[in-house]
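Everything on this sheet refers to the single structure shown next.
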Protein chains: 2
Amino acid sequence: MNLKELSTLLGLSQTTVSRALNGYPEVSEVTRDKVMKAAKQHNYTPNIRARGLATGRNHAVGHVIPLSTEHEVVNPVFTDFIAGASEIYARENYDMMLTIVPDKTEAEAYRKIAAKGSVDGVIVHGPKANDPRIALLREIGMPFVVHGRSGIAEESEYSWVDMNNTRAFERATQFLIDLGHRRIGLLNGLEGMDFAMKRREGYRAALAAAGLKERKELCYSSEMTEEYGFSATMEMLASRRPPTAILASSIIVGFGVRRALDTSGLKIGKDVSLIVHDDDLSYLRNGAAEPIYTATRSSVRMAGRICAEILMEQISDPKRPLRHVLLDAELIIGHTTGPAPQD
Amino acid sequence: MNLKELSTLLGLSQTTVSRALNGYPEVSEVTRDKVMKAAKQHNYTPNIRARGLATGRNHAVGHVIPLSTEHEVVNPVFTDFIAGASEIYARENYDMMLTIVPDKTEAEAYRKIAAKGSVDGVIVHGPKANDPRIALLREIGMPFVVHGRSGIAEESEYSWVDMNNTRAFERATQFLIDLGHRRIGLLNGLEGMDFAMKRREGYRAALAAAGLKERKELCYSSEMTEEYGFSATMEMLASRRPPTAILASSIIVGFGVRRALDTSGLKIGKDVSLIVHDDDLSYLRNGAAEPIYTATRSSVRMAGRICAEILMEQISDPKRPLRHVLLDAELIIGHTTGPAPQD
DNA sequence: GAGAAATGCCAAAGCGCTTTGGGGCGGGGG
DNA sequence: CCCCCGCCCCAAAGCGCTTTGGCATTTCTC
């Protein structure tokens, strides 16, 4: 069923039917009702391509999600981020186009997407500390929102939604120091990612404030897998001066830490304390009633919603001022932290 | 840059340029070369909507992924499935449209997608044991491939890619029985999902073969979260006759089991054995060199690739016979299983 | 009651592409 | 020398929609 068929069926012109459907004031309420009913009855939906061609607007946004070339892993937070974003898209009747791209060829992917002209805007995932995509997108002139930030570009020059990584890890570290811990391991995300840099800064700041030095042998950074959590912890535990507390950049890494401690016969929250960052993923809830892990928490699904909302805004009126949203992570106390053991 | 501009720039007609670009034989090689070069140089890509309008083919496929309404969780295997599928799409220059839909309104979502006409085919995720979507899609007449199967429809009437859930869980159960286990807990996926039914069948078959009865109090089914693994295990352990082995439907559930065992002071692989199903997710690798968990393993990323390939086939030639791919899961031995403890 | 202002509808152009149905031009066969 | 056939290329139609500009018809104003 297309517009033409529907309109002849109704004995009206295509113009009128189109206008009735799109809420233009030039048609009477009686006609509009009739049209609406007929459309519903015949399950008519305007062909999105044709509409896009005619209006120049696509009612679609793109997500380009980077695939770590080295490790072939796509960040598991995307499911929830996208779930959040798609709530908004559904409401606004927007489509979501997904492209998974090896991180090396990302820039090219954006260019291609822009040239194909099938989306009205994009969301940038996983910004590096020094990310060329921001400049690229500004040059192309396509609306975009960054999930996170990138150290290199002026923050005021693009829209972003980020959590306060620095502050979160500063507080977590501080909390451990207050509990008497002096040797605190950091299992950070992949070096080069902006969020990882910022977390390390927070960690470092808290240490400095307590007059402690950052020790290189306690700082790891890698793709955030369970195996990484395990092996890095094992390595630290085997060292001459093992940590009494560990900061892990994700709950999955935390799983690995837990396994390493078990394997080593150490009691979590007693022999070694653990704080994880918790993205509040739906399939990785940090406990039901009561949190299991002490964690810095910030919902990535919420971030998805906000990103999408801002992007919609930006698309519908490109003149709108840029938006910057900094989400605060809460520090929630679970069962994996306790006072530093006396030695 | 559009076709018109490019063609006047070259002093050729739009027809010729279009044909040169699309590999039609009616243009000379010399001209084709010139056109290709110019296109590359000016970063020209045909507007996808216009092409779609003209050809009736969209060069896009849809993924509708169900969002568990009750639990608001989207299955974490999608990241890897989609990563696999998108390898194929990238190769064929297809776009991927993603829609996340509360599972209640899925049927409607498919209808809408069909009416909008923006994709050439879809992949069906998370089929229920009794899933109306298959009949619906056949009725609509849109090419589709199911990831998994659905008990209700004739398997020969649609294309699917599934792993051998029944066989995998039968083997795993068998393996535990051979180790002397008699009380084996099953932490299955959500009841109603086809894969969960099939896994339970396998479990039951192995028990029956050994002359054992399936015990209701040892069979759980739920959304596959860590918390579920934990609490179900705790519950079983607290019962009069706790299990000596547990079968978990995902590695994440397995994490929860591990935590429950730790909490209870039980040694995994000694006091209680554990086998998990491992979808071989990139961010949840079951160990690096050596597997940690004893597991039934089947790569969901591979399944994604195969689904996408079959769908492409089906789209390019709808007359092609339907395809059915049954992937076998391997049983890999890790450190979480051992002989049943003597009591 | 005549002119002005709404009101409700329509015809046609145009978005950027593919594709059908020619048409000019050079070369080989009769 | 003429004709016909390939080889290359082109003009124009059409995909399904929105939107501009315009034309009746009705309602209002004085």
Side-chain angles (χ1 to χ4, degrees), chain A residues 1-36 38-39 42-60 93-95 112-120 316, chain B residues 1-36 38-39 42-60 93-95 112-120 316:
Chain A
M1 175 63 59
N2 60 23
L3 226 211
K4 195 155 154 199
E5 287 167 27
L6 187 63
S7 59
T8 60
L9 201 117
L10 280 160
L12 290 169
S13 76
Q14 295 190 38
T15 312
T16 305
V17 174
S18 168
R19 288 192 155 147
L21 258 22
N22 293 319
Y24 282 73
E26 292 95 335
V27 342
S28 71
E29 281 312 310
V30 187
T31 317
R32 190 190 305 280
D33 258 24
K34 255 188 288 189
V35 172
M36 291 289 210
H42 296 87
N43 196 29
Y44 168 76
T45 311
N47 179 305
I48 213 142
R49 312 259 156 183
R51 163 189 287 198
L53 239 202
T55 57
R57 296 274 254 34
N58 296 80
H59 273 250
N93 249 303
Y94 264 65
D95 284 337
K112 197 160 164 193
I113 284 175
K116 282 207 281 195
S118 45
V119 301
D120 300 324
S316 67
Chain B
M1 174 66 56
N2 60 21
L3 227 212
K4 195 156 154 198
E5 288 167 25
L6 186 63
S7 59
T8 59
L9 203 113
L10 281 159
L12 290 168
S13 77
Q14 295 189 38
T15 312
T16 304
V17 175
S18 168
R19 288 192 154 148
L21 257 22
N22 293 320
Y24 282 73
E26 292 94 336
V27 329
S28 69
E29 282 311 310
V30 186
T31 316
R32 191 191 304 282
D33 257 23
K34 254 188 288 189
V35 173
M36 291 289 210
H42 296 87
N43 196 29
Y44 167 77
T45 311
N47 179 306
I48 211 141
R49 288 167 283 142
R51 160 189 289 198
L53 239 201
T55 58
R57 296 273 256 33
N58 296 80
H59 271 249
N93 249 304
Y94 265 64
D95 284 338
K112 198 161 166 192
I113 284 175
K116 280 206 281 196
S118 44
V119 300
D120 300 324
S316 67

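Both backbone and side-chain heavy atoms feed into the values below; hydrogens, waters and symmetry mates do not.
When heavy atoms are screened at a 4.0 angstrom cut-off, A:Ser18 is found touching base atoms of the nucleic acid.
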Could you go through nucleotides 7-11 of chain C and list every protein N or O atom that sits under 3.5 Å from one of its N or O atoms, giving the distance for each pair?
residue: C:dC9; atom: OP1; partner: A:Thr31; partner atom: OG1; Å: 2.8
residue: C:dC9; atom: OP2; partner: A:Ser28; partner atom: N; Å: 3.2
residue: C:dC9; atom: OP2; partner: A:Ser28; partner atom: OG; Å: 3.4
residue: C:dC9; atom: OP2; partner: A:Thr31; partner atom: OG1; Å: 3.0
residue: C:dC10; atom: OP2; partner: A:Ser13; partner atom: N; Å: 2.7
residue: C:dC10; atom: OP2; partner: A:Ser13; partner atom: OG; Å: 3.1
residue: C:dC10; atom: OP2; partner: A:Thr16; partner atom: OG1; Å: 2.8
residue: C:dC10; atom: N4; partner: A:Arg19; partner atom: NH1; Å: 2.8
residue: C:dA11; atom: N7; partner: A:Thr15; partner atom: OG1; Å: 3.3
residue: C:dA11; atom: N6; partner: A:Thr15; partner atom: OG1; Å: 2.7

Filtered N/O pairs between nucleotides 24-28 of chain C and protein, under 3.5 Å:
none

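The side-chain hydrogen bond (donor to acceptor under 3.5 Å, both in side chains) search around A:Lys4 returns none, not counting sequence neighbours. B:Asn58 pairs by the side-chain hydrogen bond (donor to acceptor under 3.5 Å, both in side chains) definition with nothing, not counting sequence neighbours.
Taking each heavy atom of B:Tyr24 and B:Arg32 in turn, the nearest pair found is O-NH2, 2.6 Å.
Side-chain contact between A:Met36 and A:Leu21: present, with at least one pair of heavy atoms (C-beta onward) separated by less than 4.5 Å. You'll find the side chain of A:Thr31 reaches within 4.5 Å of the side chain of A:Ser28, heavy atoms only. Put simply, the side chain of B:Arg19 does not reach to within 4.5 Å of the side chain of B:Leu12, judged on heavy atoms. A heavy-atom distance below 4.5 Å is not found between the side chains of B:Thr16 and B:Glu26. Counting heavy atoms from C-beta outward, A:Met1 and A:Asn43 have side chains that stay 4.5 Å or more apart.
Side chain of A:Asn47 to main chain of A:Arg49: a donor-acceptor pair is present (N/O by atom type, distance under 3.5 Å, no hydrogens or angles). With hydrogens and angles ignored, the 3.5 Å screen pairs a side-chain donor or acceptor of A:Asp120 with a backbone N or O of A:His59.
Between the side chains of A:Thr15 and A:Ser18, no donor N or O sits under 3.5 Å from an acceptor N or O.
Taken from OH in B:Tyr94 to CD1 in B:Ile48, the straight-line distance is 10.0 Å, to the nearest 0.5 Å. If you take CZ on A:Arg51 and CG on A:Leu3, they are separated by 10.0 Å, rounding to the nearest 0.5 Å.
When each of B:Arg49 and B:Tyr24 is assigned the nucleotide of DNA chain C bearing its nearest heavy atom, the one mapping closer to the 5' terminus is B:Arg49.
Five base pairs at each end of the helix from C:dG1-D:dC30 to C:dG30-D:dC1 define two local axes, and these are offset by 50° (rounded to 10°).
Reading DNA chain D from its 5' end, the first and the last nucleotide to sit under 4.0 Å from a heavy atom of chain B are D:dC8 to D:dG16.
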